[in-house]
Amino acid sequence: MKSPEARHEVSVSQGFRAMFYMMKPSETSFQTLEEVPDYVKKATPFFISLMLLELVVSWIRKGKPPGRLDDALTSVSAGVLSRLPGLFFRSVELTSYSYIWENYRLFNLPWDSPWTWYLTFLGVDFGYYWFHRMAHEVNIMWAGHQTHHSSEDYNLSTALRQSVFQNYTSWIFYSPLALFIPPSVYAVHLQFNLLYQFWIHTEVINHLGPLELILNTPSHHRVHHGRNRYCIDKNYAGVLIIWDRIFGTFEAENEKVVYGLTHPINTFEPIKVQFHHLFYIWTAFWATPGFFNKFSVIFKGPGWGPGKPRLGLSEEIPEVTGKEVPFSSPASQLLKIYTVVQFALMLAFYEETFADAAVLSPVTLLLRVWFIILTLTSMGFLLDQRPQAAIMETLRCLMFLMLYRFGHLKPLVPSLSSAFEIVFSICIAFWGVRSMKQLTSGPWK
């Protein structure tokens, strides 16, 4: 077992095996929370490698990529937004768990026991099942989780489409474990449970034989992401599909799955992707008469309405034909290339910000986060061809130059600092002209 003084690095082998929960208790048991590696952060190279592998396999088998560029960018954007609060606050799931452990624990299970490790594996996965189920059955929780379901594609990038505020309710379902399981053991399994769910977001893997009886697999999770009537509210599992089999929510994959929300939102703008259902709840709350009905708008299912069952009526779910056409960006190929380049630059600054967060001043950190959010929003506006897109992009490029001039952003390649200034100055001029034309002649053309 690991000693408290040891420095805990994650090897390439461990990083890869963590993606599939193929880790041993002896190499992942830690006495304190501070010793637990950030397995999710270390997984970034594996996320990228597996997505590239999926792309290659899809091209070979189907002659096409596993998804669309605009949808993939939106999924990664959601993942970026979901991690930004971590620059300022410790994880709610870990903070709440540690508080309960320190103040209310009933007894201590040994942190270095394999029995504790396996019990925590089951406990975290069981807690995830109930959190996930309630995230579909309680409207205010669905407001967070719907972000993950809004993609109309199903590939590994979809796994990254995470909610900004989902973690603010998930901690409730893990908190009973804090009465007896040390936080360090919990923190390991919380990460492994999340990482396992990455690789099951794919269509390039069909069925896995007998493993389908026990584990959550791509086939089972495809059903969960479907908007077909037979798919709704099924297969909530994280790692073990046995929970769905026990509690009656299991459904095998049969007819072709059509992905996305039952009422597609038709946008690539990340803020709307994250928060549109909250606005819907706000509107429905004030439009619904009666105190108990208003309460039900928040705490009953997304399909509930006055006079309906708690989870709504299944016959009101729109039928799918299998011929549905996913919403695609009307932007030109040239504009999409521009979007990808700017998005890639933002990702580089994003990774640098997380790497240097401990040494950056609060002002620099806030300005960088604002620039990242502005970039994601502007890219969404461009892909949606929103009327305000040119103005938004002008402001974003201007902000980049200001942050660069005042030292809050650094060029990725110092020798190209002058080139960066020139390129962004040209962008400001180009989008500024487009903005002026828009203001004088009407909507984007």
Side-chain angles (χ1 to χ4, degrees), residues 67-82 132 135-155 157-166 169 201 221-222 224-229 231-233 257-287 297-298 301-305 311-312 316-331 336 339 343 373-389 392 443-444:
R68 295 162 299 135
L69 177 64
D70 41 25
D71 189 85
L73 288 178
T74 306
S75 292
V76 178
S77 294
V80 168
L81 284 174
S82 72
H132 196 183
H136 282 256
E137 295 186 1
V138 177
N139 206 15
I140 192 65
M141 293 177 65
W142 173 247
H145 188 61
Q146 60 78 32
T147 298
H148 182 62
H149 283 265
S150 60
S151 173
E152 294 182 87
D153 290 341
Y154 188 77
N155 52 55
S157 73
T158 308
L160 304 179
R161 190 179 285 227
Q162 297 293 322
S163 167
V164 171
F165 58 93
Q166 179 172 281
T169 56
H201 290 81
H221 205 58
R222 284 193 289 269
H224 179 72
H225 272 258
R227 67 184 202 234
N228 315 54
R229 286 186 180 178
C231 297
I232 301 299
D233 295 340
V257 177
V258 178
Y259 304 108
L261 301 173
T262 57
H263 299 86
I265 55 176
N266 296 338
T267 184
F268 299 111
E269 199 276 289
I271 302 302
K272 185 175 181 180
V273 169
Q274 290 282 347
F275 298 108
H276 78 96
H277 196 74
L278 273 180
F279 292 121
Y280 167 78
I281 291 176
W282 175 263
T283 302
F285 179 86
W286 292 110
V297 166
I298 297 174
W304 178 85
L311 299 181
E316 291 185 351
I317 299 170
E319 286 275 16
V320 299
T321 64
K323 298 179 181 179
E324 286 75 12
V325 178
F327 175 71
S328 294
S329 169
K336 286 181 180 180
T339 302
F343 192 86
I373 294 173
L374 186 61
T375 298
L376 296 177
T377 304
S378 184
M379 297 305 102
F381 274 38
L382 289 172
L383 290 174
D384 280 358
Q385 298 282 264
R386 296 270 288 272
Q388 308 88 348
M392 179 74 74
W444 175 291

>> One pair to check against side chain to side chain contact (heavy atoms under 4.5 Å, CB included): Leu278 and Ile140. What are the steps and the verdict?
In response: CA-CA 7 Å; Leu278 273 180; Ile140 192 65; 3.8 Å; yes

>> Can you tell me how far apart OG1 (Thr158) and NE2 (His149) are? Round to the nearest 0.5 Å.
In response: 11.0 Å

> Would you find a donor on one side and an acceptor on the other, under 3.5 Å apart, between the side chain of Ser157 and the backbone of Ala72?
Replying inline: no

> What is the ring orientation for His145 with His148, classed by angle as parallel under 30°, tilted 30 to 60°, or perpendicular over 60°?
Replying inline: tilted

> Is it true that His277 and Tyr280 have ring centroids separated by less than 6.0 Å?
Replying inline: yes

> CZ/Phe343 to OG/Ser378 distance, rounded to the nearest 0.5 angstrom?
Replying inline: 12.0 Å

> Given side chains that start at C-beta, do those of Asp71 and Ser75 come closer than 4.5 Å, heavy atoms only?
Replying inline: yes

>> Working to the nearest 0.5 angstrom, can you tell me the gap between Asn266 CG and Leu261 CG?
In response: 10.0 Å

> If you round to the nearest 0.5 Å, how far is OG1 of Thr339 from CG of Leu73?
Replying inline: 7.5 Å

>> Before you tell me yes or no, could you show the steps for Leu382 and Met379 under side chain to side chain contact (heavy atoms under 4.5 Å, CB included), namely the whole-Å CA-CA distance, both residues' side-chain angles and the distance that decides it to 0.1 Å?
In response: CA-CA 5 Å; Leu382 289 172; Met379 297 305 102; 3.9 Å; yes

> Can you check whether Val273 reaches Thr147 side chain to side chain, under 4.5 Å on heavy atoms?
Replying inline: yes

>> Main chain of Leu383, side chain of Ser329: is a donor-acceptor contact present, judged purely on distance under 3.5 Å?
In response: yes

>> One pair to check against side chain to side chain contact (heavy atoms under 4.5 Å, CB included): Ser328 and Asp70. What are the steps and the verdict?
In response: CA-CA 7 Å; Ser328 294; Asp70 41 25; 4.1 Å; yes

>> Could you report the tightest heavy-atom contact between Pro302 and His136, atom names first, then the distance?
In response: CD-O, 3.3 Å

> What's the shortest heavy-atom distance between Phe165 and Gln274, and which atoms?
Replying inline: CE2-O, 4.0 Å

>> Quick check against the 3.5 Å criterion: does Asp384 have a side-chain atom that pairs as donor or acceptor with the backbone of Arg386?
In response: no

> Counting only N and O atoms by type, is there a donor-acceptor contact under 3.5 Å from the side chain of Thr377 to the main-chain atoms of Ile373?
Replying inline: yes

> How long is the gap from OG1 on Thr267 to CZ on Phe327, to the nearest 0.5 Å?
Replying inline: 6.5 Å

>> Just verifying a value: how many Å separate Thr74 OG1 and Lys272 NZ, rounded to the nearest 0.5 Å?
In response: 12.5 Å

>> Under the criterion side chain to side chain contact (heavy atoms under 4.5 Å, CB included), I'd like the reasoning laid out for Glu152 against Arg227: C-alpha separation, chi angles, the key distance, then a yes or no.
In response: CA-CA 10 Å; Glu152 294 182 87; Arg227 67 184 202 234; 3.5 Å; yes

> Checking side-chain hydrogen bond (donor to acceptor under 3.5 Å, both in side chains) against His201, which of His221, Arg222, Arg161 comes through?
Replying inline: His221

>> Between Gln162 and Leu160 (side chain of the first, backbone of the second, donor and acceptor by atom type, cut-off under 3.5 Å), is there such a pair?
In response: no

> Between His276 and Glu269, is any pair of side-chain heavy atoms under 4.5 Å apart?
Replying inline: no

